[in-house]
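Step one of this worksheet: look at the structure below.
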Amino acid sequence: MASSAKQGPKIVSKSSAGGAGAAGAGGGLPVMPLASPLMGKKKKPFLGMPAPLGYVPGLGRGATGFTTRSDIGPARDANDPVDDRHAAPGKRTVGDQMKKKEEDEEDLNDTNYDEFNGYAGSLFSSGPYEKDDEEADAIYAALDKRMDERRKERRELREKDEIEKYRMERPKIQQQFSDLKRKLSGMSEEEWLSIPEVGDARNKRQRNPRNEKLTPVPDSFFSKHLQTGDKHTTVDPLQGLAGLNTPYPGSMTPGTGELDMRKIGQARNTLMDMRLSQVSDSVSGQTVVDPKGYLTDLNSMIPTHGGDISDIKKARLLLKSVRETNPHHPPAWIASARLEEVTGKLQVARNLIMKGTEMCPKSEDVWLEAARLQPGDTAKAVVAQAVRHLPQSVRIYIRAAELETDMRAKKRVLRKALENVSKSVRLWKTAVELEEPEDARIMLSRAVECCPTSVELWLALARLETYENARRVLNKARENIPTDRHIWITAAKLEEANDNVQMVEKIIDRAITSLRANGVEINREQWIQDAEECDKAGSVATCQAVIRDVIGIGIEEEDRKHTWMEDADSCVSHGALECARAIYAHALQMFPSKKSVWLRAAYFEKNNGTRESLEALLQRAVAHCPKAEVLWLMGAKSKWLAEDVPAARSILALAFQANPNSEEIWLAAVKLESENNEYERARRLLAKARSSAPTARVFMKSVKLEWVLGNIDAAQELCTEALKHYEDFPKLWMMRGQIEEQGENMDKAREAYNQGLKKCPHSSGLWWLLSRLEERVGQLTRARAILEKARLKNSQSPELWLESVRLEFRAGLKNIANTLMAKALQECPNSGILWAEAVFLEARPQRKTKSVDALKKCEHDPHVLLAVAKLFWSERKITKAREWFLRTVKIEPDLGDAWALFYKFELQHGTEEQQEEVRKRCENAEPRHGELWCAESKHVLNWQKKTGEILAGVAGKIKNTF
């Protein structure tokens with residue numbers, strides 16, 4: 001009954017009786033009887049009862065029901081969304097839902113059945129996945145993993161064997177030729193050169209390609225086909241033009257017109273005439289065309305505006321609109337004329353600008369533009385007309401003078417202009433420049449009357465007058481312009497030029513006072529710039545007076561020293577040496593006991609002054625700062641360089657009195673005597689120093705002196721004595737080991753180094769020397785162990801890491817060297833020497849990338865800059881290499897290796913002047929550090945060599961194998 005109730009509303013008969021029956025049967029609602037004659041008949045027994053199973057209304061009388069869209073719902077597309085707005089991904093469309101249903105239906109067909117495995121797929125996939133299922137899956141997964149682990153080793157061995165077997169059957173090309181490549185190392189140069197060249201394997205057509213042949217088409221061909229209206233785009237072979245397949249213009253549109261070649265030729269001639277008229281001289285009527293370069297110029301001029309024709313037309317239309325809207329607007333006429341000039345229509349431009357002068361006769365710019373566009377005499381007429389309309393215009397008068405070619409005519413124009421505009425400074429200056437000195441003086445005397453506020457005219461007149469008249473002129477100028485400093489400075493320079501130096505200071509003092517009284521603010525920077533100009537002009541006294549009077553203006557007392565030192569450096573950089581000297585003199589006057597100021601002044605005199613000025617300054621310096629050892633030493637060295645040894649000794653004697661028991665002065669005295677071959681005096685001085693001022697350095701110098709003089713026994717005794725007192729001084733242990741090593745006593749040298757390392761475990765030099773000793777005797781493993789032990793105790797020492805890398809590289813173990821370098825850069829990421837070495841450990845293609853990384857980590861490290869310079873040198877980029885060498889020696893002038901490599905570079909690629917410049921700069925810098933430099937300079941045999949000799953020696957030993 002339930003099923004029949006459900007089926008009732010699905011199938012509805014279209015007959016009225018069937019419809020009523022369906023409603024009565026399936027609806028279940030009481031049916032109201034209609035008022036009719038049958039009301040009294042007996043009621044049917046089945047009415048009001050539920051319909052039997054399978055009952056279809058109207059089926060008995062043949063009224064079969066049919067289904068409508070309203071019964072089964074609207075049609076749904078596969079991409080339509082489902083009704084559930086929160087459906088999971090993959091279930092949000094009708095198609096997804098249908099696929100899911102299809103997947104859920106299991107395929108139990110016989111074709112999907114296997115006797116061993118059963119049905120393909122899971123029979124229970126549609127069932128719920130419960131906790132028991134999850135535990136079972138975990139157990140099976142653990143079993144699978146366990147079984148896989150038992151078979152893993154055998155599987156990996158089998159795979160390895162299969163790979164090796166595959167490699168043996170199909171080796172790489174690199175492996176096939178490895179034995180042949182190894183044999184190449186034993187080839188001689190003749191065998192290598194006798195290897196034949198590889199031939200050209202291309203076929204004949206590829207080796208000798210035939211260029212495409214193009215045949216020019218005559219004009220008659222185009223005209224004939226235009227007249228006939230022929231549509232063919234190929235040429236008849238009978239015409240003798242076989243091979244031309246290119247369609248000609250207009251060939252596809254017959255009857256559109258005719259191509260007149262005569263008119264094309266006329267247009268070409270017209271264009272040529274127009275270009276000739278542009279470059280011709282209209283005054284003399286002679287052409288100024290360069291016959292060789294004309295066609296090239298013409299080619300460059302013609303297409304200049306070809307692509308902008310539409311823009312030019314728009315601009316022309318806009319400017320025309322502006323002119324018509326406001327005809328008295330000068331910029332519109334000027335812009336229109338320039339547009340036509342740019343497009344090559346010079347005559348149109350001239351006509352436009354002349355019309356502009358009629359519409360705007362009071363516009364100075366329009367008249368000047370007209371004069372510029374007009375040629376020769378026409379321009380003069382235009383300017384004459386402009387003068388009538390604008391008699392007070394200075395620019396028009398100057399343009400008129402420029403148009404004149406004769407000097408007398410120029411002067412006449414300018415004098416006429418001065419009659420009308422006598423107050424114009426520009427006109428007076430232009431007129432004076434054309435006159436002779438005497439006439440110029442007369443004109444200037446009139447000019448200052450007309451323009452009394454022009455400082456330039458007053459100063460120009462003062463320069464042309466005699467001394468007495470110039471003083472009067474400048475006095476008048478000060479009366480007329482009491483607020484200008486240049487007049488006062490010129491007056492001071494005038495007095496200095498006439499040897500009246502005592503007046504210079506007074507004039508500058510009065511200038512400061514007078515300008516302040518007139519409300520002028522004294523700008524310190526401006527006055528210092530004026531002083532620099534005086535210095536460059538040779539007015540030293542004026543420069544010094546200005547500096548003395550203004551250097552202290554506007555500076556706080558605590559900032560004076562710092563500011564003055566910066567001012568002095570600025571003057572030196574601008575080339576104003578006298579200004580800097582005056583600033584130092586004033587600073588020393590204010591700070592007579594400041595050692596730093598004396599040192600700065602001394603270095604200034606050393607670099608820019610004479611030896612006499614330096615020695616005079618140092619004498620004053622040691623008088624004010626007697627405890628400053630460096631000043632005494634600079635004075636003694638200056639005398640020594642001048643080969644005045646007695647004077648140097650006397651200075652050091654005075655230094656001893658002021659600084660008794662000073663280690664620096666003792667050692668300077670010893671060096672003075674030893675450099676001048678006074679070895680006994682040097683020994684006595686060192687003996688006195690050891691007794692009165694015993695220090696480790698004094699003992700070291702004593703050992704070094706005996707060592708270089710060949711007294712090995714005395715040197716060893718002194719070294720032993722020194723080590724009793726200073727056993728923690730590593731250089732003494734190094735010297736002891738090196739002396740033994742020089743005598744081929746390797747065991748004693750090893751013992752000395754080991755004893756030194758017990759006392760000085762953090763000395764990189766001792767570790768380095770011991771490692772080199774073991775390497776020299778062939779104990780590579782021991783040398784490696786020593787360096788590993790050293791790195792354990794000094795993990796942040798880049799020198800030890802570098803030596804470890806180089807040890808492996810020298811042993812031929814490049815892979816180990818690269819690994820060590822990577823570790824070193826992790827331990828010392830900001831070490832310049834490590835990055836510099838890492839650049840050249842790389843293969844050539846990777847060096848540039850490595851150098852970029854090095855510069856990012858150590859941008860201003862001299863070793864990295866030097867490595868980049870060497871990299872450019874190896875790539876033959878000479879200019880860049882020189883720039884980087886210069887940058888290196890500028891950042892660190894004390895690095896001797898940089899100077900040596902720079903000198904070697906110039907010896908190969910530079911001129912003699914550049915080589916000499918590098919050598920002189922190196923001698924002035926006196927470098928003391930650098931691996932290659934120290935190996936040469938500290939060698940026992942080179943102890944008396946000068947800087948230039950050491951430079952040449954190091955450069956000679958450098959082999960640019962990078």
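If you read the sequence from its start, that first residue is 1, and numbering goes on from there.
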Original post:
How far apart are the closest heavy atoms of Ser702 and Leu718, and which atoms are they?
Top reply: O-CD1, 3.9 Å
**OP:** Kindly assign one of parallel, tilted or perpendicular to the pair Trp873 and Phe905, based on the angle between their ring planes and the thresholds 30° and 60°.
**Re:** perpendicular
Original post:
Around Tyr726, counting heavy atoms of other residues, nucleotides and ligands shown, do more than 12 lie under 6.0 Å from its OH?
Top reply: yes
Original post:
Considering only heavy atoms from C-beta outward, does the side chain of Leu834 approach that of Leu802 to under 4.5 Å?
Top reply: yes
Original post:
Stepwise, does the salt bridge (Lys or Arg N to Asp or Glu O under 4.0 Å) test hold for Glu775 with Arg806?
Top reply: CA-CA 12 Å; Glu775 185 185 2; Arg806 288 179 176 173; over 6 Å; no
**OP:** Indicate yes or no: at least one non-hydrogen side-chain atom of Leu618 is less than 4.5 angstrom from one of Leu614.
**Re:** yes
**OP:** Identify, with sequence neighbours excluded, every residue that meets side chain to side chain donor-acceptor pair (under 3.5 Å) alongside His762.
**Re:** Asn794
Subject >> Heavy-atom check, side chain of Leu588 versus side chain of Leu617, under 4.5 Å >> reply: yes
**OP:** Dump the intermediate steps for salt bridge (Lys or Arg N to Asp or Glu O under 4.0 Å) on Glu906 and Arg919, then the final yes or no.
**Re:** CA-CA 10 Å; Glu906 294 296 356; Arg919 190 182 62 78; over 6 Å; no
Subject >> Salt-bridge present (Glu740, Arg750; N to O < 4.0 Å) >> reply: no
Original post:
Which pairs, with at least one residue in residues 610-630 and sequence neighbours excluded, count as a ring-ring contact (aromatic ring centres under 6.0 Å, His included)?
Top reply: Trp598-His624
Original post:
Within 45° of the axis and under 6.0 Å from the centre of the six-membered ring of Phe840, does NZ or CZ of Lys870 qualify?
Top reply: yes
**OP:** Considering only NZ, NE, NH1 and NH2 on the basic side and carboxylate oxygens on the acidic side, decide whether Lys946 and Glu923 come within less than 4.0 Å.
**Re:** no
Original post:
When you measure from the side chain of Trp632 to the backbone N and O of Lys627, does any donor-acceptor pair fall under 3.5 Å?
Top reply: no
Original post:
If you look at every heavy atom in Trp801 and Ser795, which pair is closest and at what distance?
Top reply: NE1-O, 2.9 Å
Original post:
Considering only heavy atoms from C-beta outward, does the side chain of Arg581 approach that of Tyr584 to under 4.5 Å?
Top reply: no
Original post:
Are any non-hydrogen side-chain atoms of Thr888 and Glu892 less than 4.5 angstrom apart?
Top reply: no
Original post:
Around atom CD of Gln796, are there more than 12 heavy atoms of other residues, nucleotides or ligands at under 6.0 Å?
Top reply: yes
Subject >> Check: Lys731 and Arg697 side chains under 4.5 Å, non-hydrogen atoms >> reply: no
Original post:
At their closest point, which heavy atom of Ser851 faces which heavy atom of Leu871, and how far apart are they?
Top reply: OG-CD2, 3.7 Å
Subject >> Sub-4.5 Å side-chain heavy-atom contact between Lys880 and Glu875 >> reply: no
Original post:
Regarding Arg921 and the six-membered ring of Trp899, is the cationic atom NZ or CZ under 6.0 Å from the ring centre and inside 45° of its axis?
Top reply: no
**OP:** Give the C-alpha distance, both sets of side-chain angles, the deciding distance and a yes or no for side chain to side chain contact (heavy atoms under 4.5 Å, CB included) between Asp861 and Ile891.
**Re:** CA-CA 8 Å; Asp861 190 281; Ile891 283 182; over 6 Å; no
Original post:
Is it true that the side chains of Glu566 and His562 contain a donor and an acceptor less than 3.5 Å apart?
Top reply: yes
Original post:
Taking side chain as C-beta onward, heavy atoms only, is Arg772 less than 4.5 Å from Glu803?
Top reply: yes
Original post:
Within a reach of under 6.0 Å around CD of Glu558, are more than 12 heavy atoms found that belong to other residues, nucleotides or ligands?
Top reply: yes
Original post:
Considering the options Lys606, Arg611, Glu615, which one meets the side-chain hydrogen bond (donor to acceptor under 3.5 Å, both in side chains) requirement together with Ser638?
Top reply: Glu615
Original post:
Side chains of Gln716 and Glu706: is there a donor and an acceptor less than 3.5 Å apart?
Top reply: no
Subject >> Verdict with reasoning, Gln742 to Trp707, per side-chain hydrogen bond (donor to acceptor under 3.5 Å, both in side chains) >> reply: CA-CA 11 Å; Gln742 184 180 341; Trp707 185 14; 2.7 Å; yes
